[in-house]
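Here the structure is laid out as structure tokens; the discussion comes afterwards.
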Number of protein chains: 2
Amino acid sequence: MARSFDQVRKILAQNIRALRDEGQLSQEELALRADVDRTYVSQIERAIGNPSLLVLCKLSVVLGVDVKQLFDPI
Amino acid sequence: MARSFDQVRKILAQNIRALRDEGQLSQEELALRADVDRTYVSQIERAIGNPSLLVLCKLSVVLGVDVKQLFDPI
DNA sequence: ATGTGACTGATAGTCCGTT
DNA sequence: AAACGGACTATCAGTCACA
């Protein structure tokens, strides 16, 4: 379970970073548009912390994908 | 965004309840095995609150699905 | 067996920086 | 641009009594 959490969180980190790069967004831009803190986006991309569903939704909207796609391995 | 969050959260609630029923588990049983509180499972199934990734992982493991499946509309 | 409100400790998430 | 830290606040995680 802790294993699953770590895996999921890493996939999440990869996907967010990949999607963000695709969209030519900086962490700062993404954070601004998603209305979350700049340092928190950084944390999520480093697979640190434990983001809530709300934050994941906010990010997915800005990244232009459905939430579940954030969990799909690339 | 708030709309997306509400939608996602409702899908989540439906899926968890459906999967739980499939597995013949009570909220209590699911809660016990996933190591979260019974009333918290109740809250999630009622689409109240804002569960963290960790909690979602815990539940998905017990329900025998990948996390992303929790976000797939049935 | 579940829904609900109230309550608190833990931590998610922010805001200020420096490297 | 991004990683990282410290201090702070909002809210989630988790428990309880009760219907």
Side-chain angles (χ1 to χ4, degrees), chain A residues 1-65 67-68 70-71 74, chain B residues 1-65 67-68 70-71 74:
Chain A
M1 179 274 298
R3 162 161 236 126
S4 157
F5 177 53
D6 251 26
Q7 289 172 346
V8 169
R9 180 199 230 183
K10 275 174 193 162
I11 291 174
L12 195 68
Q14 286 174 1
N15 286 349
I16 288 177
R17 178 159 297 188
L19 288 166
R20 183 171 66 73
D21 285 346
E22 251 178 58
Q24 312 257 19
L25 292 170
S26 65
Q27 287 183 353
E28 210 161 4
E29 265 294 313
L30 172 57
L32 187 69
R33 298 194 196 178
D35 193 37
V36 302
D37 196 75
R38 172 179 60 82
T39 62
Y40 200 51
V41 172
S42 168
Q43 286 178 39
I44 294 175
E45 288 195 0
R46 281 177 287 139
I48 295 174
N50 177 23
S52 71
L53 185 58
L54 177 57
V55 169
L56 296 180
C57 279
K58 284 178 170 179
L59 293 176
S60 71
V61 168
V62 174
L63 293 171
V65 297
V67 187
K68 73 175 178 185
L70 295 180
F71 297 103
I74 311 172
Chain B
M1 179 277 294
R3 163 162 234 126
S4 157
F5 177 53
D6 251 26
Q7 289 171 347
V8 169
R9 177 199 232 183
K10 275 173 193 162
I11 291 174
L12 193 69
Q14 287 174 1
N15 285 349
I16 289 178
R17 179 159 297 188
L19 287 167
R20 183 171 66 73
D21 284 346
E22 251 178 56
Q24 313 257 19
L25 291 171
S26 65
Q27 286 183 353
E28 211 162 4
E29 266 294 313
L30 172 56
L32 186 69
R33 299 194 197 179
D35 194 35
V36 303
D37 196 76
R38 174 185 70 79
T39 61
Y40 198 51
V41 173
S42 168
Q43 288 177 36
I44 294 174
E45 288 194 1
R46 280 177 290 139
I48 294 173
N50 177 23
S52 72
L53 184 58
L54 178 55
V55 170
L56 296 180
C57 279
K58 284 179 173 180
L59 293 176
S60 71
V61 168
V62 175
L63 293 171
V65 297
V67 186
K68 71 175 179 185
L70 295 180
F71 298 103
I74 310 174

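Heavy-atom basis, side chains included; hydrogens, waters and symmetry copies ignored. As the structure is a computational prediction, the values presented were derived from the model and not from experiment. In what follows, chains are A, B, ... by sequence order, proteins preceding strands, each numbered from 1.
- Take the nearest nucleotide of DNA chain C for A/Val36 and for B/Glu29: the residue whose nucleotide is more 5' is B/Glu29.
- B/Arg46 places no side-chain N or O within 3.5 Å of a backbone atom of B/Ala13 that could act as its donor or acceptor partner.
- Under the 3.5 Å distance criterion, the side-chain polar atoms of A/Arg33 are left unmatched by any main-chain donor or acceptor of A/Val61.
- Atom CG in B/Leu12 sits roughly 15 Å away from atom C1' in D/dC12 (whole-Å rounding).
- Side chain of B/Arg38 to main chain of B/Ala31: no donor-acceptor pair is present (N/O by atom type, distance under 3.5 Å, no hydrogens or angles).
- If you check every strand for non-hydrogen atoms under 4.0 Å, B/Asn50 touches sugar and phosphate atoms only.
- Salt-bridge annotation for B/Glu45 and B/Arg20: present, with a side-chain N of the basic residue lying under 4.0 Å from a carboxylate O of the acidic one.
- Nucleotides of DNA chain C with any atom under 4.0 Å from a heavy atom of chain A span, from 5' to 3', C/dA12 to C/dG17.
- Taking atom CG of residue B/Leu59 and atom P of nucleotide D/dC12, one finds them 16 Å apart after rounding to whole Å.
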Protein N or O to nucleotides 7-9 of chain D N or O, pairs below 3.5 Å:
none

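- A/Asn50 contributes a side-chain N or O that, together with a main-chain N or O of B/Leu53, makes up a donor-acceptor pair within less than 3.5 Å.
- Between B/Phe71 and B/Leu12, the closest heavy-atom pair is CE2-CD1, 3.9 Å.
- Across all non-hydrogen atoms, the minimal contact from B/Cys57 to B/Ser60 is O-OG, 2.8 Å.
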Please tabulate, one pair per line, each protein N/O and nucleotide N/O from nucleotides 2-4 of chain D that are separated by under 3.5 Å, including the distance.
| residue | atom | partner | partner atom | Å |
| --- | --- | --- | --- | --- |
| D/dA2 | OP1 | A/Arg20 | NH1 | 2.8 |
| D/dA2 | OP1 | A/Arg20 | NH2 | 3.3 |
| D/dA2 | OP2 | A/Gln27 | N | 2.6 |
| D/dA3 | OP1 | A/Arg17 | NH2 | 2.8 |
| D/dA3 | OP2 | A/Gln27 | OE1 | 3.2 |
| D/dA3 | OP2 | A/Gln27 | NE2 | 2.6 |
| D/dA3 | OP2 | A/Ser42 | OG | 3.0 |
| D/dC4 | OP2 | A/Arg46 | NH1 | 2.9 |

